[in-house]
Student: 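Sharing a structure, written as structure tokens. Questions coming.
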Amino acid sequence: MSSRRPSPFDADAAQDRIAAVVRRIPLGCVATYGDVAAAAGLPGRARMVGRYLGAVDGVDALPWHRVIAAGGRIALPDGSASRTTQLRRLMAEGVTLTGSGRVDLARHRWQRGVLAPVLD
DNA sequence: GCGATGACAACGC
DNA sequence: CGCGTTGCCATCG
């Protein structure tokens, strides 16, 4: 017992927490890498979230498409298959985009337990 | 041990 | 609104 933090950083544990957070993002909502990292208890490690999501590569059990970059921007490069899949899945869930293909954060941003009601 | 890289973020111009 | 710079942190050669 004693220490909950045996090492300065446990990749396995962090990965597990990140997965748990991503898994609980409600359908039709999105969260930024920074939000997910913070919700997973890893403030400032937004990069690690991206690295992890890229590592799972193909795990349907994880709604990775609901995780986006700051400002509602899609982190994946334009023209990539992953990006297309992400956008298609988001739209399938009713997520709306603004102007230049950005997710409307004001409408769909997920905040730990606070759902953003879809205004009509 | 160190420099380079990356599904990031914030700031400045 | 696009682009470059800086900060942050873990992984890789």
Side-chain angles (χ1 to χ4, degrees):
Chain A
M1 34 192 58
S2 3
S3 337
R4 271 297 131 102
R5 283 196 225 149
S7 49
F9 182 73
D10 299 274
D12 282 336
Q15 170 180 345
D16 205 31
R17 281 194 291 276
I18 292 172
V21 172
V22 173
R23 231 189 309 272
R24 76 180 263 236
I25 298 176
L27 188 148
C29 290
V30 297
T32 67
Y33 292 94
D35 287 347
V36 173
L42 304 165
R45 283 143 189 104
R47 268 179 144 161
M48 208 185 92
V49 176
R51 183 167 285 284
Y52 167 63
L53 290 182
V56 298
D57 183 42
V59 178
D60 278 347
L62 208 61
W64 56 268
H65 57 275
R66 292 181 194 145
V67 183
I68 58 181
R73 195 171 48 93
I74 300 296
L76 296 166
D78 187 16
S80 69
S82 301
R83 184 178 152 130
T84 303
T85 300
Q86 182 170 22
L87 284 174
R88 193 176 51 186
R89 277 180 159 180
L90 287 174
M91 285 188 286
E93 295 183 357
V95 174
T96 58
L97 300 180
T98 172
S100 330
R102 292 192 173 213
V103 174
D104 194 342
L105 280 183
R107 222 154 92 148
H108 302 291
R109 189 175 198 178
W110 177 62
Q111 301 176 3
R112 307 192 285 278
V114 181
L115 291 174
V118 180
L119 305 177
D120 192 36

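Hydrogens, waters and symmetry mates play no part in the numbers below; they use all other heavy atoms, side chains included. None of these values were measured; they are calculated from a predicted model. Note on naming: letters A, B, ... go to the chains in the order of the sequence lines (proteins, then strands), and numbering restarts at 1 for each one.
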Student: Kindly write out the residues that satisfy side chain to side chain contact (heavy atoms under 4.5 Å, CB included) with A:Q86, not counting sequence neighbours, or none if the list is empty.
Tutor: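 Once residues adjacent in sequence are excluded, the partners of A:Q86 under the side chain to side chain contact (heavy atoms under 4.5 Å, CB included) criterion are A:W64, A:H65, A:I68, A:I74, A:L76, A:L90.
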Student: Check the distance between B:dA9's P and A:L42's CG and give it to me in whole angstrom.
Tutor: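 Atom-to-atom, A:L42 to B:dA9, this comes out as 14 Å.
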Student: Specify the separation, in whole Å, of atom CZ of A:R89 and atom C1' of B:dA7.
Tutor: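 The answer, rounded to whole Å, is 15 Å.
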Student: Between A:T32 and A:W110, is any pair of side-chain heavy atoms under 4.5 Å apart?
Tutor: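 No - every pair of side-chain heavy atoms lies 4.5 Å or more apart.
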Student: Walk me through whether A:I25 and A:V67 qualify under side chain to side chain contact (heavy atoms under 4.5 Å, CB included).
Tutor: CA-CA 9 Å; A:I25 298 176; A:V67 183; 4.1 Å; yes
Student: Between CG of A:L53 and CZ of A:R66, what distance do you get to the nearest 0.5 Å?
Tutor: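 Nearest 0.5 Å value for the CG-CZ distance: 13.0 Å.
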Student: Nearest whole Å is fine: how far is B:dA7 P from A:I25 CD1?
Tutor: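 Checked: the CD1 to P distance equals 19 Å.
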Student: Not counting sequence neighbours, list each pair that qualifies as a salt bridge (Lys or Arg N to Asp or Glu O under 4.0 Å) and has a residue in residues 76-90 of chain A.
Tutor: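 Listed by first then second residue: A:D60-A:R89.
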Student: Measure CG/A:L62 against C1'/B:dA7 and give the value in whole Å, please.
Tutor: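 Distance, rounded to whole Å: 13 Å.
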Student: Polar atom pairs between nucleotides 10-13 of chain B and protein, under 3.5 Å, N or O only, would you list them?
Tutor:
none

Student: Heavy-atom distance under 4.5 Å between the side chains of A:M91 and A:T96, does that happen here?
Tutor: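 Contact flag for A:M91/A:T96 side chains = no.
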Student: From CD1 of A:I68 over to C1' of B:dA9, roughly how many Å is that when rounded to an integer?
Tutor: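 In whole Å, B:dA9 C1' and A:I68 CD1 are 13 Å from each other.
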Student: To the nearest 0.5 angstrom, please state how far the CE atom of A:M48 sits from the CG atom of A:L42.
Tutor: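 That separation rounds to 5.5 Å.
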Student: Between C1' on C:dC9 and CD on A:Q15, what's the gap in Å once rounded to a whole number?
Tutor: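 Taking atom C1' of C:dC9 as the reference, CD of A:Q15 is at 16 Å.
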Student: Across the strands shown, which category fits A:A11 at heavy-atom distances under 4.0 angstrom: base, sugar-phosphate, nothing?
Tutor: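 Since only primed, P, OP1 and OP2 atoms lie under 4.0 Å of A:A11, the category is sugar-phosphate.
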Student: Mind checking side chain to side chain donor-acceptor pair (under 3.5 Å) for A:R45 and listing every partner two or more places apart, or none if nothing turns up?
Tutor: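 For A:R45 there are no side chain to side chain donor-acceptor pair (under 3.5 Å) partners, ignoring immediate neighbours.
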Student: Donor-acceptor check, side chain of A:H108 to backbone of A:V103, threshold 3.5 angstrom: yes or no?
Tutor: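 Not a single qualifying donor-acceptor pair exists.
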Student: Tell me, with the steps shown, if A:V21 and A:V49 meet side chain to side chain contact (heavy atoms under 4.5 Å, CB included).
Tutor: CA-CA 11 Å; A:V21 172; A:V49 176; over 6 Å; no
Student: Contact list please: residues 47-56 of chain A against DNA chain B, heavy atoms, distance less than 4.0 Å, in numerical order.
Tutor: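 Those residues are A:R47, A:G50, A:R51, A:L53, A:G54.
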Student: May I ask you to test the A:V95-A:D104 pair for a side-chain heavy-atom distance under 4.5 Å?
Tutor: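 No; the side chains remain at least 4.5 Å from each other.
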Student: Heavy-atom contacts under 4.0 Å between residues 75-87 of chain A and DNA chain B, which residues?
Tutor: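 Heavy-atom cutoff 4.0 Å gives A:A75, A:L76.
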Student: Please state how far atom OH in A:Y33 lies from atom C1' in C:dC9, giving the value in whole angstrom units.
Tutor: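 Going from A:Y33 (OH) to C:dC9 (C1'), I get 16 Å.
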